[in-house]
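So the structure is just underneath, and the comments pick up after that.
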There are 2 protein chains.
Amino acid sequence: MQSDSDMAPAETASVVAPEGFRSLRGRSATHVAERLRDMILGGDLPAGRRISERMLTEGLGVTRTPLREAFKILETEGLLHIVPNRGAQVAELSPADVDMAMELLVGLESVAAEPACARATAAQFAAVEALHGQMVACQRDGDLMGYFRINQDIHQNIVDCAHNPALSRVYRAESARVRLYRFAGNRVRQRWSCAVMEHEQILQALKQRQGPLLRELLRAHHLNGWRVTRLVLGNEIRPDR
Amino acid sequence: MQSDSDMAPAETASVVAPEGFRSLRGRSATHVAERLRDMILGGDLPAGRRISERMLTEGLGVTRTPLREAFKILETEGLLHIVPNRGAQVAELSPADVDMAMELLVGLESVAAEPACARATAAQFAAVEALHGQMVACQRDGDLMGYFRINQDIHQNIVDCAHNPALSRVYRAESARVRLYRFAGNRVRQRWSCAVMEHEQILQALKQRQGPLLRELLRAHHLNGWRVTRLVLGNEIRPDR
DNA sequence: CGGAGTCAGATTGCATGCAAATGCATCCCC
DNA sequence: GGGGATGCATTTGCATGCAATCTGACTCCG
């Protein structure tokens, strides 16, 4: 009869989902991977730290199966290192590894420069300019974290202007891998104003669709930044705070 | 007594491992991912083909847990596409996707060119030359599969000359992703001799450590090859067999 | 005949159980 | 006292079980 089959299909009798809750079924591992990635990129899990499954299953409220799937994802992304029978640890990059990753990142931006100039839309110009404005505000307010985050965002946006999904994906992944190692360099306040000026030139070149110029500006900008970062990492100069 | 404790420690009573067998404990997922990757890159699993877990657990002799971990690895590599509650299917690339991936691959080789010239060792020169010799032999014998495989191998080796692990890793992954789509282009025999000549110039430039020249030669070589491939994929010319 | 409903079998997502491996404290023997 | 052996608790790797979801064939009504 009607009353039998008419039960509200949205929720079962056993557990009532809190409102706004969307089931994560089929997305647990992805979701856990995102959480873990945030923890690593945010510095909550420092490089080299060993990660026990139990710690995370309790912390994130999932069971071991999706957690272990997330480990595989992050290992493939290069953020975790898994030793059989001994669990996972946050990947640790040697200075040489970071150097090589930076070489790759500079290269990827060079690759992006000309397609970006050829294909960027007006909306993308506007988005990059808006971010630039926010970054200047962070510089003015001395907001280190915001400055750094938006800086990365601007570079990702410029790469995205090339409308090449594969390029964007690879740039994002490699950028994440070295994120924490680059953070140090942005702590030299002297570099900030210089970087802002370089960004302004970069924006100009992008908006005027001058591909080769953009490529050279990006390369120079990166090499400048990386030089400072390397000095900080090598303790040759002291960060401002 | 002696006879009690003297049992051969290499094998337990329950299951006798076949000789040469090393336990895969802790490596199942990785191993399965390798097998699956080979199946996809070898064309045994065509693009778009849906993959059921049962098919593979039976085919590969593993249970679902490591198989599902392997799925996550291959999804992160871009070789599989997983739809929640509906399983995995081999990733399918649109012509635009392949175009963009090729743009990235050409870019990565350009990035590799100068460091490769700067850092390649004599052993690496020799390795690339040996591969080139093998490729010429394949061309002579009309061995399509061998020619194609060694061709890819040569390009990977050139990138590896840059001694940049991150670059090598990314190049390998992206190269794999479009492997099957590029295969078609190598079926035009007319292109083979042309490609061999281009490779010879490329080798020259590498050995003489002429970075900028190498970069231009690689770019031109790729664009030539990709132009032919695109024609074949678009059915504008017919492959030789 | 067409389309919504529905129902069983198959498939997937995740929790859990068990065995192998590890780590650590203790014990032993020299 | 020191350098292993040994046993126990913990952790990891994988197999399996159960519930949610999908699929597709069939039914039934218009």
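First the proteins, then the strands, lettered A, B, ... as listed; each starts at 1.
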Whole-Å distance separating the [atom1] atom of [X] from the [atom2] atom of [N]:
X     : N      : atom1 : atom2 : result
A:R68 : D:dC14 : CZ    : P     : 7 Å
B:E69 : C:dG13 : CD    : C1'   : 14 Å
B:F71 : C:dT11 : CZ    : C1'   : 12 Å
B:I51 : C:dT12 : CD1   : C1'   : 14 Å
B:R54 : C:dT11 : CZ    : P     : 5 Å
A:E75 : D:dG13 : CD    : P     : 10 Å
B:N85 : C:dG13 : CG    : P     : 6 Å
A:R86 : C:dG23 : CZ    : C1'   : 10 Å

Interatomic spacing from CD1 in A:I73 to CZ in B:F71 - rounded to 0.5 Å: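 It is 13.5 Å, given to the nearest 0.5 Å.
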B:L41 CG to B:Q152 CD distance, which is reported to the nearest 0.5 Å: 9.5 Å
Any [X] side-chain N or O less than 4.0 Å from OP1/OP2 of [N]:
X     : N      : answer
A:R25 : C:dC14 : no
B:S28 : D:dC14 : yes
B:R64 : C:dG13 : no

Donor/acceptor link under 3.5 angstrom from A:S52 side chain onto base of D:dT10: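 No, no donor-acceptor pair under 3.5 Å.
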Whichever of A:G26 and A:P84 has its nearest DNA chain C nucleotide further upstream toward 5': A:G26
Aromatic ring pairing B:H222/B:H155, orientation class (parallel under 30°, perpendicular over 60°, tilted between):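 The rings of B:H222 and B:H155 sit tilted, inter-plane angle from 30° to 60°.
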Pairwise 5' ranking along DNA chain D for A:T65 and A:G87, keeping only the more 5' one: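 Residue closer to the 5' terminus by nearest nucleotide: A:G87.
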Salt bridge (charged side-chain N to carboxylate O under 4.0 Å, His left out) assessment of B:R177 paired with B:D97: CA-CA 10 Å; B:R177 234 164 51 86; B:D97 291 333; over 6 Å; no
Atom CZ of A:R86: over 12 foreign heavy atoms under 6.0 Å: no
Of the listed nucleotides D:dT12, C:dT12, D:dC14, the one nearest the side chain of B:R50: C:dT12
